[in-house]
Amino acid sequence: QVQLVESGGGSVQAGGSLKLSCGASGYIFGKCGMVWYRQAPGKDRELVSTIGRDGTTNYADSAKGRFTISRDNAKNTLYLQMNSLKSEDTAVYYCAAEKVSVVGRCILNYYWGQGTQVTVSS
């Protein structure tokens, strides 16, 4: 059974930093891509950043230059370093991991964590 557990959220003032972690169990870490999403109250879920199996990273425009996604395969942990935080970054942050199909391919169907709250006060 795959479990993803996020941690590292909290309350911070604008301009501050937080580092989110997502620990995985029951999952072959590094085989497939992983992502960070966020959802603010009353808003749709938003893709924040992705990291592919080859380490290729992508960011939403809102995260570029401020957030860094990384992965430690030895520790089965995904990270999101968030700097220069803004009030609009306030949201629940979720990590997700691509599932593997029966033929062994990574697919865009995800396992999800339970989320961690990030609150940025201005």
Side-chain angles (χ1 to χ4, degrees):
Q1 182 179 356
V2 174
Q3 281 193 318
L4 302 175
V5 180
E6 300 96 335
S7 61
S11 296
V12 65
Q13 289 193 329
S17 298
L18 284 173
K19 187 173 185 177
L20 306 183
S21 299
C22 174
S25 60
Y27 184 73
I28 304 175
F29 213 83
K31 177 176 175 62
C32 297
M34 299 187 72
V35 302
W36 284 100
Y37 276 90
R38 67 185 181 187
Q39 187 165 21
K43 295 188 176 181
D44 292 335
R45 187 171 57 195
E46 175 189 18
L47 178 63
V48 176
S49 184
T50 68
I51 185 166
R53 58 184 298 177
D54 61 356
T56 302
T57 59
N58 285 286
Y59 299 91
D61 287 344
S62 59
K64 284 179 182 176
R66 300 188 300 125
F67 294 3
T68 303
I69 190 171
S70 62
R71 182 177 65 201
D72 187 332
N73 291 344
K75 294 183 177 180
N76 281 12
T77 304
L78 177 73
Y79 302 100
L80 185 68
Q81 176 68 49
M82 304 187 296
N83 299 327
S84 302
L85 284 162
K86 306 175 182 179
S87 57
E88 51 263 45
D89 295 319
T90 295
V92 178
Y93 284 70
Y94 299 90
C95 71
E98 292 176 356
K99 292 184 178 179
V100 180
S101 72
V102 294
V103 296
R105 292 182 179 177
C106 302
I107 57 176
L108 296 181
N109 188 10
Y110 296 108
Y111 298 106
W112 290 92
Q114 84 289 348
T116 186
Q117 176 71 46
V118 171
T119 302
V120 184
S121 58
S122 56

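Quick note: residue numbers are just sequence positions, from 1. In this text the structure is predicted, and so the values were computed from the model without any measurement.
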Problem set entry | NZ-SG distance between Lys99 and Cys32, expressed to the nearest 0.5 angstrom | 12.0 Å

Seminar exercise, completed: Test side-chain contact (heavy atoms from CB on, under 4.5 Å), reference Leu18, set Asn83, Val118, Leu80, Thr116, output is Val118

Exercise. Looking only at heavy atoms, which two atoms of Phe29 and Leu78 are closest? And how far apart?
Worked result: CZ-N, 3.5 Å

For this session: Determine whether Ile28 and Val100 make a side-chain contact, defined as any pair of heavy atoms from C-beta on separated by less than 4.5 Å.
Result: no

Exercise. How many angstroms lie between OG in Ser84 and CG in Asp89, if you round to the nearest 0.5 Å?
Worked result: 9.5 Å

For this session: Determine yes or no for a side-chain-to-main-chain donor-acceptor pair under 3.5 angstrom, with Arg71 supplying the side chain and Arg53 the backbone.
Result: yes

For this session: Taking all heavy atoms of Gln117 and all of Thr119, pick out the closest pair and write down the distance.
Result: NE2-OG1, 3.4 Å

Exercise. Where do Lys31 and Cys106 come nearest, in terms of heavy atoms and distance?
Worked result: O-SG, 3.4 Å

Problem set entry | Closest approach of Tyr110 to Val35 (non-hydrogen atoms, all atoms of both residues) | OH-CG1, 3.9 Å

For this session: Answer yes if Tyr93 and Val12 sit in the same cluster of Ile, Leu, Val, Met, Phe, Trp and Tyr residues linked by side chain heavy atoms under 4.5 Å apart, and no otherwise.
Result: yes

Exercise. Roughly how far apart are Asp72 CG and Thr77 OG1, rounded to 0.5 Å?
Worked result: 6.5 Å

Problem set entry | Nearest non-hydrogen partners of Met34 and Ala97, listed with the distance | CE-CB, 3.8 Å

Exercise. Does any N or O in the side chain of Glu6 come within less than 3.5 Å of the main-chain N or O of Gln114, such that one atom is a donor and the other an acceptor?
Worked result: yes

For this session: State plainly whether the residues Lys64 and Asp61 are in salt-bridge range, i.e. N to O under 4.0 Å.
Result: yes

Exercise. For the side chain of Ser49 and the backbone of Tyr59, is there at least one donor-acceptor N/O pair under 3.5 Å apart?
Worked result: no

For this session: Please work out which of the three classes, parallel, tilted or perpendicular, describes the rings of Tyr94 and Trp112, given edges at 30° and 60°.
Result: perpendicular

Exercise. Can you tell me how far the CG atom of Leu47 sits from the CZ atom of Arg38, to the nearest 0.5 Å?
Worked result: 10.0 Å

For this session: Hey, could you give me the OG/CG distance between Ser122 and Leu85, rounded to the nearest 0.5 Å?
Result: 12.5 Å

Problem set entry | CZ-CG distance between Phe67 and Leu20, expressed to the nearest 0.5 angstrom | 8.5 Å

Problem set entry | Side-chain donor or acceptor of Arg45 paired with backbone N/O of Gln39 under 3.5 Å | no

Exercise. Is there a donor-acceptor pair under 3.5 Å between the side chain of Tyr111 and the backbone N or O of Cys95?
Worked result: no

Seminar exercise, completed: From the list Thr50, Leu108, Ile107, side-chain contact (heavy atoms from CB on, under 4.5 Å) partner of Glu98 resolves to Leu108

Exercise. Nearest heavy-atom pair of Leu4 and Cys22: which atoms, and what distance?
Worked result: CB-SG, 4.0 Å

